[in-house]
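Note: hydrogens, waters and symmetry copies are ignored here, and every other heavy atom, side chains too, is used. Positions are given from 1 along the sequence.
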Amino acid sequence: MPSAPLRVAVVCSSNQNRSMEAHNILSKRGFSVRSFGTGTHVKLPGPAPDKPNVYDFKTTYDQMYNDLLRKDKELYTQNGILHMLDRNKRIKPRPERFQNCKDVFDLILTCEERVYDQVVEDLNSREQETCQPVHVINVDIQDNHEEATLGAFLICELCQCVSTEQNQQSWGALGHKAPAFCSCSSKIHVKMQISTFSLFSELLG
């Protein structure tokens, strides 16, 4: 008998580029997916590397869009930030912080090692109630538009693989897929690091 649909979370730092691109593609492929950031604030590129645009997680994508449109329409159109925010606001109203979410997931995918560490630290700090496993996998993706797109397709492929293994009730076989994914990632210049282990879903609330 087929298992319930795979519940997926994709997490980056600001819930803007990498996690939202994956959210967009996974949603279109029919996955039950949510996306998050782990930072204390949302940061977007500014006029200089040391002058980012910083927002609270409560700020909507539409508010960010209008703020940057007012500040420098030409700059933020040219660097793709306005296009990215326009996409984001079509998916959900605002960025979400993983540490504030208590939903249960089967699979959590992070987009860089630092974010992976923050997710695991948060999970380990939560109280235990049940014994359903959750798998946390890191896919190391550079934070730019091109790599975010390539990484999102890689994440989608991984989710399809996990979903198949889940339906076969054989999660352990996932580990044997790692070499194939790493080979694929090297071709598209996305470094993939699979670090899978079982936590308790009670850690998710």
Side-chain angles (χ1 to χ4, degrees), residues 3-44 53-65 84-85 87-141 143 148 151-152 154-156 158-160 162-163 166 171 174 193-205:
S3 302
L6 190 70
R7 296 165 296 184
V8 181
V10 187
V11 192
C12 66
S13 182
S14 292
N15 197 198
Q16 292 285 349
N17 182 33
R18 296 165 292 179
S19 62
M20 287 299 287
E21 181 66 19
H23 186 153
N24 186 38
I25 290 176
L26 287 171
S27 180
K28 289 179 178 178
R29 297 290 176 87
F31 284 96
S32 174
V33 58
R34 291 187 64 186
S35 59
F36 303 93
T38 56
T40 54
H41 294 88
V42 172
K43 293 183 179 180
L44 291 172
N53 291 284
V54 181
Y55 302 97
D56 188 273
F57 269 88
K58 295 179 181 179
T59 308
T60 67
Y61 293 121
D62 192 53
Q63 289 171 326
M64 296 177 199
Y65 181 95
M84 180 187 72
L85 289 170
R87 175 208 58 198
N88 291 353
K89 65 183 182 178
R90 296 174 189 273
I91 297 172
K92 63 180 186 179
R94 58 175 56 81
E96 298 174 88
R97 194 163 183 261
F98 178 79
Q99 292 89 332
N100 297 333
C101 176
K102 306 303 179 184
D103 289 355
V104 174
F105 299 101
D106 301 303
L107 179 64
I108 301 172
L109 294 138
T110 59
C111 298
E112 65 177 273
E113 189 172 357
R114 178 174 58 88
V115 173
Y116 172 87
D117 291 339
Q118 291 171 330
V119 166
V120 171
E121 180 182 9
D122 182 71
L123 293 175
N124 283 325
S125 71
R126 302 187 184 188
E127 295 183 0
Q128 301 181 6
E129 292 178 2
T130 66
C131 294
Q132 179 181 340
V134 56
H135 300 263
V136 183
I137 299 177
N138 183 56
V139 182
D140 217 8
I141 305 170
D143 194 6
L154 184 63
I155 284 175
C156 186
L158 177 57
C159 286
Q160 289 171 335
V162 172
S163 183
Q166 182 193 43
W171 281 79
L174 176 62
Q193 175 187 353
I194 301 181
S195 303
T196 310
F197 59 93
S198 292
L199 293 172
F200 295 110
S201 64
E202 69 273 12
L203 298 177
L204 290 164

Between the main-chain N or O of Arg7 and the side-chain N or O of Asp106, is there a donor-acceptor pair closer than 3.5 Å?
yes
Check whether any side-chain heavy atom of Tyr55 lies under 4.5 Å from a side-chain heavy atom of Gln63, and answer yes or no.
no
Could you state the interatomic distance from NE2 (His41) to CG (Asn53), rounded to the nearest 0.5 Å?
13.5 Å
Taking every heavy atom of Ala22 against every heavy atom of Val10, the minimum-distance pair comes out as CB-CG1, 3.8 Å
Heavy-atom donor-acceptor pair, Asp122 side chain to Gln118 backbone, under 3.5 Å
no
Quick one: does any side-chain atom of Arg94 pair with a main-chain N or O of Lys58 as donor and acceptor, under 3.5 Å?
yes
Residues Arg114 and Ser13: closest non-hydrogen pair is NH2-OG, 3.7 Å
Taking the six-membered ring of Phe98 as reference, does the cationic atom of Arg126 (NZ for Lys, CZ for Arg) lie under 6.0 Å from its centre and within 45° of its axis?
yes
Spatial distance of atom CD1 (Ile137) from atom SG (Cys159) [nearest 0.5 Å]:
8.0 Å
Which residue pairs pass the salt bridge (Lys or Arg N to Asp or Glu O under 4.0 Å) test when at least one of the two sits in residues 17-37, sequence neighbours left out?
Arg18-Glu112, Arg18-Asp143, Glu21-Arg87, Arg34-Glu96, Arg34-Asp103
Please round to the nearest 0.5 Å and tell me the distance separating atom CZ of Phe105 and atom NE2 of His135.
15.0 Å
Take Thr40 and Arg97 through the test side chain to side chain contact (heavy atoms under 4.5 Å, CB included) and record every step on the way to the result.
CA-CA 8 Å; Thr40 54; Arg97 194 163 183 261; 4.2 Å; yes
Rounded to the nearest 0.5 Å, what's the gap from CZ on Phe36 to CD1 on Ile108? Could you check?
8.5 Å
Working for side chain to side chain contact (heavy atoms under 4.5 Å, CB included), residues Lys92 and Tyr61
CA-CA 8 Å; Lys92 63 180 186 179; Tyr61 293 121; 3.7 Å; yes
Any idea which heavy atoms bring Val134 and Leu107 closest together, and the distance?
CG2-N, 4.3 Å
Out of curiosity, Met84 CE to Met64 CE, how far, rounded to the nearest 0.5 Å?
9.0 Å
Would you check if the side chain of Ser27 reaches a backbone N or O of Asn24 as a donor-acceptor pair within less than 3.5 Å?
no
Might you work through the side chain to side chain contact (heavy atoms under 4.5 Å, CB included) test for Leu109 and Leu158, ending with a clear yes or no?
CA-CA 10 Å; Leu109 294 138; Leu158 177 57; 3.4 Å; yes
Walk me through whether Leu44 and Leu85 qualify under side chain to side chain contact (heavy atoms under 4.5 Å, CB included).
CA-CA 10 Å; Leu44 291 172; Leu85 289 170; 4.1 Å; yes
Could you give the distance from CG (Asn100) to CZ (Phe57), rounded to the nearest 0.5 Å?
8.5 Å
Nearest heavy-atom pair of Asn15 and Ser35: which atoms, and what distance?
ND2-OG, 3.1 Å
Applying side chain to side chain contact (heavy atoms under 4.5 Å, CB included), can you list everything that pairs with Ser14, at least two apart in sequence or on another chain?
Gln16, Val42, Lys43
